[in-house]
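Since the structure comes first, as structure tokens, the remarks are kept for the end.
Computation of the quantities below employed the complete heavy-atom set of this structure, encompassing side-chain atoms and omitting hydrogens, waters and symmetry-equivalent molecules. Note on naming: letters A, B, ... go to the chains in the order of the sequence lines (proteins, then strands), and numbering restarts at 1 for each one.
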2 protein chains.
Amino acid sequence: MNDVRPIRATSGTNHEGTSAHNRRVIIDALRLNGALSRADLARATRLTKQTVSNIMEELEIDGLVISRETVRRGRGQPSTPYGLVPEGAFAIGLQIDRHITRAIAVDLVGNVLIGKEANLPVGGPATGTPVVLQLVQEVRTELKLRAAQAEKRLVGLGVAMPGPFGIEQDGDDNPWMMGAWQRFPLLETLSAGTGLNVTLQNDAAACATAERMVGAAHGLDHAVCLYVGYGIGAGLILGGDLYSGAHGNAGEIGMALLTAGGRLTQLEHRASLASLYEHLGVDPMAPDIYSLIDRRAAADDPEILAWIEKAAIDLRWSVHLIETIFDPQTVILCGGAPAALATRLIDAMQPLLPSNADRADRLLPRLQLGMTDPWAVARGAAAEPIGHAFDPRFSAILKS
Amino acid sequence: MNDVRPIRATSGTNHEGTSAHNRRVIIDALRLNGALSRADLARATRLTKQTVSNIMEELEIDGLVISRETVRRGRGQPSTPYGLVPEGAFAIGLQIDRHITRAIAVDLVGNVLIGKEANLPVGGPATGTPVVLQLVQEVRTELKLRAAQAEKRLVGLGVAMPGPFGIEQDGDDNPWMMGAWQRFPLLETLSAGTGLNVTLQNDAAACATAERMVGAAHGLDHAVCLYVGYGIGAGLILGGDLYSGAHGNAGEIGMALLTAGGRLTQLEHRASLASLYEHLGVDPMAPDIYSLIDRRAAADDPEILAWIEKAAIDLRWSVHLIETIFDPQTVILCGGAPAALATRLIDAMQPLLPSNADRADRLLPRLQLGMTDPWAVARGAAAEPIGHAFDPRFSAILKS
DNA sequence: CAAATAAGTCAAGACAATTGACTTAAAAGA
DNA sequence: TCTTTTAAGTCAATTGTCTTGACTTATTTG
């Protein structure tokens, strides 16, 4: 008698939805194109001048946009461009990695205001959570000092962590796999501990978010970030949005099996920083490892070059595969690798393998260099709540 | 002085957009769940009862939905379920393949009403276009006889063809590559020749569209169709929508390079029907090849089993790769392969390689069998305009 | 037979975009 | 210099669509 089969449907929309969408479209357009006049915005969004005017007035009152000097562009009344106000919104980004955690504060346009890091003690979430919460609190306190409005304009806490999520892995007790963290109710704990909206993504996705917001993927609808960090992964920007798959694990190409030297192995074992550390015989936990690798790479250390030579083979194949499968506008190499290493990797990957990306009408390079600093992941983590806050479904700072 | 840099922005929306969205949401919900009452729809779409009532009244007048017998479900007034009217819309699907072309007519719920095929003469579009147009016309004429309303409820012509598009390929003069067709202004020609809205997708994408509309991917937001036809490809349903990449070539995994037997080769050369035909030494142009393969596979022909054994290795790897990269809810094997062959392929692929898809909370099999008949591609091609017609941006039959 | 429950309608109201006329400010041409 | 043209932006009224709250209808429960 009782029919309990759930009904599947997407949500309908109403006036508020319409309005929220239009506000978001305008903010997006400003982020993408810099300052624009009301008339420009009306043309670009295909809304009427009046609608744009109304929305801009609201946004100005909300402190999200501000007018600039008028500009004369030929006949007619000069236009008044409006730009985003950096202090219009803030977010905190948190990276949790194997032995270190980083927290940063960013503003609406993606400027990094504060960055702090701390070592994570062994013992997983039980001992790590207090450290993480403490770090976030420090950043938050400092942000409050720097910007009076910050606390009430704080739209959320974005967290990035290596994936995959929700999988019982082999070697789950290996501290480098972070299985304990992945099983831990991190969202709930951080949400309760900070009172902020918390979102979680994997590190490659965070890098892609950062590249899309303020990097090489800015304004692109189809781009893939090949993330080379301690592990390896791909951050997917598909159809203008970050794609995370059914369980948040899309793009975990580090676990892809490939035949190398006649043996089936995982990409991660061939081309990640983990494989480099192993190749060099250095301790991944050494505190100055980033600058060490940077220096040795810059000096064309033969051991590093040997690894690059080998890793480039597999990365070249990865780019070919990404191009073949996703048909993106460009592929961006990014992540926690030092710049000297990353540039040498890109050079060693040339010439790229032939693929569908060899098109006569290409506008962008097939492979380009993205952010290469240890803070990129935290930056992307912070960018997520900012992007999210202007999504129609979640308009936190616009109501009040 | 003249600033001609184009402004990039997404489009805003208005009341009509809201309404079109809500109508589409309702039609989607009916397609997904079968018949639903107004109250059910209101709960599922989070619209008010009144709004749903208004929209349903319109849809009923437009002939897209019809009420069914009332049902008593406990206390309260009995509910009146509404279902989609199959004759509410029609579309024609066209498959253009190497030596054959197929056209079918479908209705709103995906029933195939008419199917016709014709051999394509050698000579590419110059000689092929008249044949194709003739075939479409025949189907259209017959459809008119079958359903009086058909002509004015015809929402478009969907075309499917092997990809990739816009690439100058090696061996472009090879008639199996269809380079001449891919360079030909097909959309414009067919649009002019039929007066219909024409859309184009590759054959794997068409299969995925069909699976989503009426097959194994019905109601799924994340599914990948591994298409094994003359070539091999993947149709991607990501986040509830078909994904085609920046140039319509996403999912062309047939061109992915892999190491097999110590040599770098393309997946297509190992696991497509083309490779089977070559293995068997049969002429791919033989008119009864489909049933021939079906019979031999069903009889466990040793030559076929040998090919299956070999192809399964690479397909198993493909599934692993797809799962690793896309994190889908399920992978569906579909395409132009006969059922006897497809089931044996799936069996030979077991056990699947370990991947992120090995989850404790799985609801669907990792790999399942989809449509396996020569008409699946045409069916998907036809499904595209139907799906598209209820998109907010293109509400063809709703205005009038 | 009354109370509870749920489906569905009615009519008024609220919200947000559109429309068309208007104002303002500059460049171009006579 | 003065008029015309062009474009930005505003004002006030209108329109389209969803929401609200009270109501009606039909059924089960006790």
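- OP1 and OP2 of C:dA7 both lie 4.0 Å or more from every side-chain N or O belonging to B:Ser79.
- Residue B:Arg38 contributes atom CZ, which lies 13 Å from atom P of C:dA7 at whole-angstrom precision.
- When heavy atoms are screened at a 4.0 angstrom cut-off, A:Ser37 is found touching the sugar-phosphate backbone but no base atom.
- An OP1 or OP2 oxygen of D:dT19 is reached within less than 4.0 angstrom by a side-chain nitrogen or oxygen of B:Thr48.
- Counting only N and O atoms by type, the side chains of A:Thr199 and A:Glu384 include a donor and acceptor under 3.5 Å apart.
- Toward the 5′ end of DNA chain C lies the nearest nucleotide of A:Asn22, the other residue of the pair A:Asn22 and A:Thr70 mapping further downstream.
- Distances shorter than 4.0 Å separate some side-chain N or O of A:Arg43 from OP1 or OP2 on D:dA8.
- Interface remark: the B:Gln50 side chain does not form any donor-acceptor pair with the D:dC18 base, using a distance-only criterion of under 3.5 Å.
- The side chain of A:Arg75 sits closest to C:dA28 out of D:dT27, D:dT10, C:dA28.
- DNA chain D is contacted by both A:Pro78 and B:Glu58; A:Pro78 maps to the nucleotide lying nearer its 5′ end (nearest heavy atom per residue).
- Heavy atoms of A:Thr51 sit under 4.0 angstrom from at least one base atom.
- Classification of A:Arg73 and A:Asp40 as a salt-bridged pair holds, one side-chain N sitting under 4.0 Å from a carboxylate O.
- Between B:Thr80 and C:dG8, a side-chain N or O to OP1/OP2 separation shorter than 4.0 Å is present.
- For the OP1/OP2 pair of C:dA7 and a distance below 4.0 Å, the side-chain nitrogens and oxygens of B:Arg72 include no atom meeting the criterion.
- Two residues are said to be in side-chain contact when any heavy atoms from C-beta on lie closer than 4.5 Å; A:Val214 and A:Arg379 meet this criterion.
- Of the two residues near DNA chain C, A:Gln77 and A:Lys49, the one whose nearest nucleotide lies more 5' is A:Lys49.
- A perpendicular orientation is assigned to the rings of B:His15 and A:His15, their planes being inclined by more than 60° (bins at 30° and 60°).
- For the side chain to side chain donor-acceptor pair (under 3.5 Å) with B:Arg38, the qualifying choice from B:Ser67, B:Ser53, B:Ser79 is B:Ser53, the only one to do so.
- For B:Thr18, counting side-chain heavy atoms from C-beta on, the closest listed nucleotide (C:dA27, C:dA7, D:dT17) is D:dT17.
- In terms of polar N and O atoms assigned as donor or acceptor, the side chain of B:His15 comes within less than 3.5 Å of the base of C:dA16 in a complementary pairing.
- Here D:dA7 presents its C1' atom at 11 Å from CG of A:Asp40, a figure rounded to the nearest Å.
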